[in-house]
Amino acid sequence: MTHILDRPIWTALKTAHAGLAEGNENARRYPPSIVSFAASADDRPESLDALENLPSQEESMILVEAGPIAIPAGLAIATEAPLVQMIAEQPHAKISDSRIEMLTEADAADMLALATLTKPGPFTLRAQCLGSFWGIRSDGRLVAMAGQRMRQTGFIELSGLCTHPDFQGRSLGTLLFRFVAGEIASNGDTAYLHAYAANTSAISLYLALGFTLRAEMNMRVVKRRS
């Protein structure tokens with residue numbers, strides 16, 4: 001690893017999210033009820049053995065790294081895909097908009113319903129354990145949201161960006177993107193994000209909003225061999 005974001009899950013669980021970590025100094029994961037992310041410290045046999053011991057027979061884990069992802073013999077690949085990791089070129093300005101509200105635990109069910117519909121990435125009822133989320137409502141219905149996910153020293157991941165299909169084309173996603181990026185920058189941190197490499201439309205939008213490609217990444221979903 002040459003950059004703190006090359007193994008973002010591991011470095012998050014070693015720094016800002018250490019209090020959420022399950023595992024040991026060789027491999028760690030988030031509680032599955034929060035997010036199914038896991039990582040080994042490196043590719044040494046003892047680290048891969050520790051990674052293999054993290055999930056139960058029924059659980060799957062998501063691994064994200066720059067470069068090839070090594071997995072132990074006892075884990076099988078359920079699916080995999082190339083990602084890109086993008087980072088803010090310059091700090092975004094802090095903005096305000098009366099339509100944007102901070103979401104709370106009382107909004108968790110609405111957040112999960114919106115994420116289930118729009119599929120912005122892994123999302124659970126406890127996603128707010130990772131960081132703050134903000135949303136926009138219309139007639140009481142949550143129609144757009146974005147927030148913060150993984151954290152490392154000096155970096156915060158912008159994640160969960162989604163808009164209900166009935167409200168797309170109104171720039172709500174762009175507004176929330178700029179808002180969350182500004183919130184991250186206002187605390188002196190650098191915003192970054194992940195996107196599927198095949199999602200060229202989203203990547204083009206993020207480029208237009210001041211993000212640049214930092215690294216090509218890989219994602220693997222793994223589970224215990226039966």
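We use all heavy atoms of the structure for the numbers below, so side chains are in, but hydrogens, waters and symmetry mates are not.
- Remark: side-chain polar atoms of D189 are not paired, donor with acceptor, to backbone N or O of A185 under 3.5 angstrom.
- In this structure the side chain of L130 reaches within 4.5 angstrom of the side chain of H17, judged on heavy atoms.
- Expressed to the nearest 0.5 Å, how far CH2 of W134 lies from CG of L175 amounts to 12.5 Å.
- A single hydrophobic cluster is seen to contain both L158 and M86, as judged by linkage of ILVMFWY side chains at heavy-atom distances under 4.5 Å, directly or through other members.
- Side chain of T11 to main chain of L5: no donor-acceptor pair is present (N/O by atom type, distance under 3.5 Å, no hydrogens or angles).
- For the pair R28 and E22, the salt-bridge criterion is not met [side-chain N within less than 4.0 Å of a carboxylate O].
- Between A195 and I203, the shortest heavy-atom distance links the atoms CB-CG1, 4.2 Å.
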Point to revise | Worked check of salt bridge (charged side-chain N to carboxylate O under 4.0 Å, His left out) between E65 and R220 | key: CA-CA 9 Å; E65 298 175 19; R220 280 181 165 177; over 6 Å; no
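- Residues V221 and S36 form no side-chain contact, since every pair of their non-hydrogen atoms from C-beta on lies 4.5 Å or further apart.
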Exercise for review: Determine, step by step, whether S201 and N199 satisfy the side-chain hydrogen bond (donor to acceptor under 3.5 Å, both in side chains) criterion, reporting the C-alpha distance in whole Å, the side-chain angles of both residues, the deciding distance to 0.1 Å, and the verdict.
Suggested key: CA-CA 6 Å; S201 59; N199 193 353; 3.2 Å; yes
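- Residues F179 and M102 share a hydrophobic cluster, clusters being chains of Ile/Leu/Val/Met/Phe/Trp/Tyr side chains in contact below 4.5 Å.
- Ring centers of Y206 and F177: under 6.0 Å apart, within the cut-off.
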**Study point:** Residue pair D110, R137: steps toward the salt bridge (charged side-chain N to carboxylate O under 4.0 Å, His left out) verdict
**Key:** CA-CA 10 Å; D110 288 346; R137 290 185 176 274; 3.0 Å; yes
Review point. Yes or no on side-chain hydrogen bond (donor to acceptor under 3.5 Å, both in side chains) for S47 and D43, after CA distance, side-chain angles and deciding distance?
Key: CA-CA 6 Å; S47 297; D43 294 344; over 6 Å; no
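- The backbone N or O of S40 lies less than 3.5 Å from a partner atom in the side chain of R7, making a donor-acceptor pair.
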Point to revise | side chain to side chain contact (heavy atoms under 4.5 Å, CB included) evaluation trace for E80 with I77 | key: CA-CA 7 Å; E80 57 186 338; I77 301 169; 4.2 Å; yes
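- Heavy-atom neighbours of E216 CD from other residues, nucleotides or ligands within 6.0 Å: at or below the threshold of 12.
- No salt bridge links E59 with K223; every basic N to acidic carboxylate O contact stays at or beyond 4.0 Å.
- The closest side-chain heavy-atom distance from L54 to R224 is not below 4.5 Å.
- Criterion: ILVMFWY side-chain heavy atoms under 4.5 Å apart, direct or through other members. Under it, I69 and I9 are not part of a common hydrophobic cluster.
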Practice item. For the pair T163 and T118, evaluate side chain to side chain contact (heavy atoms under 4.5 Å, CB included) and give the outcome as yes or no after the intermediate values. Key: CA-CA 7 Å; T163 302; T118 58; over 6 Å; no
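- Between the side chain of N24 and the main chain of N26, a donor-acceptor pair closer than 3.5 Å is present.
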Exercise for review: Go through Y196 and H194 one step at a time and tell me if the ring-ring contact (aromatic ring centres under 6.0 Å, His included) criterion holds.
Suggested key: CA-CA 7 Å; Y196 285 107; H194 294 100; over 10 Å; no
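- What you find for S132 and R151 is that their closest heavy atoms are N-NH2, 4.3 Å.
- Put simply, M145 and L209 are part of two different groups of oily side chains (I, L, V, M, F, W, Y) that touch within less than 4.5 Å, one to the next.
- Taking 4.0 Å as the cut-off between side-chain N and carboxylate O, D49 and R44 do not count as a salt-bridged pair.
- Under the 4.5 Å side-chain criterion, counting only non-hydrogen atoms from C-beta, S60 is not in contact with V222.
- If you take CG on L125 and CD1 on I34, they are separated by 11.5 Å, rounding to the nearest 0.5 Å.
- Note that the CG atom of L176 and the SG atom of C162 stand 9.0 Å from one another [nearest 0.5 Å].
- When side chains are defined from C-beta on, F155 does not count as touching M150, because their heavy atoms never get closer than 4.5 Å.
- Separation of atoms NE2 (H92) and OG1 (T190) is listed at 11.5 Å; rounding is to 0.5 Å.
- Between L205 atom CG and L161 atom CG the span is 8.0 Å, to the nearest 0.5 Å.
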Practice item. Check the pair T124, V35 against side chain to side chain contact (heavy atoms under 4.5 Å, CB included), reporting the backbone distance first and the verdict last. Key: CA-CA 7 Å; T124 69; V35 69; 5.5 Å; no
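- Using a 4.5 Å heavy-atom threshold, the side chains of V180 and Q148 count as touching.
- Residues S226 and Q57 come closest through the heavy atom pair CA-NE2, 3.7 Å.
- Connection of V143 to F133 is not established within any shared hydrophobic cluster, with ILVMFWY side chains joined at heavy-atom distances below 4.5 Å, either directly or through further cluster members.
- Atom CD of E46 has more than 12 neighbouring heavy atoms from other residues, nucleotides or ligands inside a 6.0 Å radius.
- Counting only heavy atoms from C-beta outward, the side chains of F123 and M111 approach each other to under 4.5 Å.
- Contact of the V64 side chain with the P8 side chain is registered, since non-hydrogen atoms from C-beta on lie closer than 4.5 Å.
- In this structure, the separation between CD on E52 and CE on M61 is 9.0 Å, given to the nearest 0.5 Å.
- Side-chain atoms of R29 do not come within 3.5 Å of backbone N or O of G23 as any donor-acceptor pair.
- The two residues A38 and L63 have their closest heavy-atom pair at O-CD2, 3.2 Å.
- No more than 12 heavy atoms of other residues, nucleotides or ligands sit less than 6.0 Å from atom CZ of R178.
- Partner Y192 forms a side chain to side chain donor-acceptor pair (under 3.5 Å) with one of E157, Q152, R214 and no other, that one being Q152.
- Counting all heavy atoms, side chain and backbone alike, I71 lies closest to L75 at CD1-O, 3.6 Å.
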Exercise for review: Evaluate the side chain to side chain contact (heavy atoms under 4.5 Å, CB included) criterion for residues I62 and M219: first the C-alpha distance (whole Å), next the side-chain angles of each, then the deciding distance (0.1 Å), finally the verdict.
Suggested key: CA-CA 7 Å; I62 301 172; M219 181 273 292; 3.8 Å; yes
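- Applying the ring-ring contact (aromatic ring centres under 6.0 Å, His included) test to every pair with at least one member in residues 32-74, sequence neighbours left out, gives no pairs at all.
- At most 12 non-hydrogen atoms from other residues, nucleotides or ligands lie less than 6.0 angstrom from CD of Q90.
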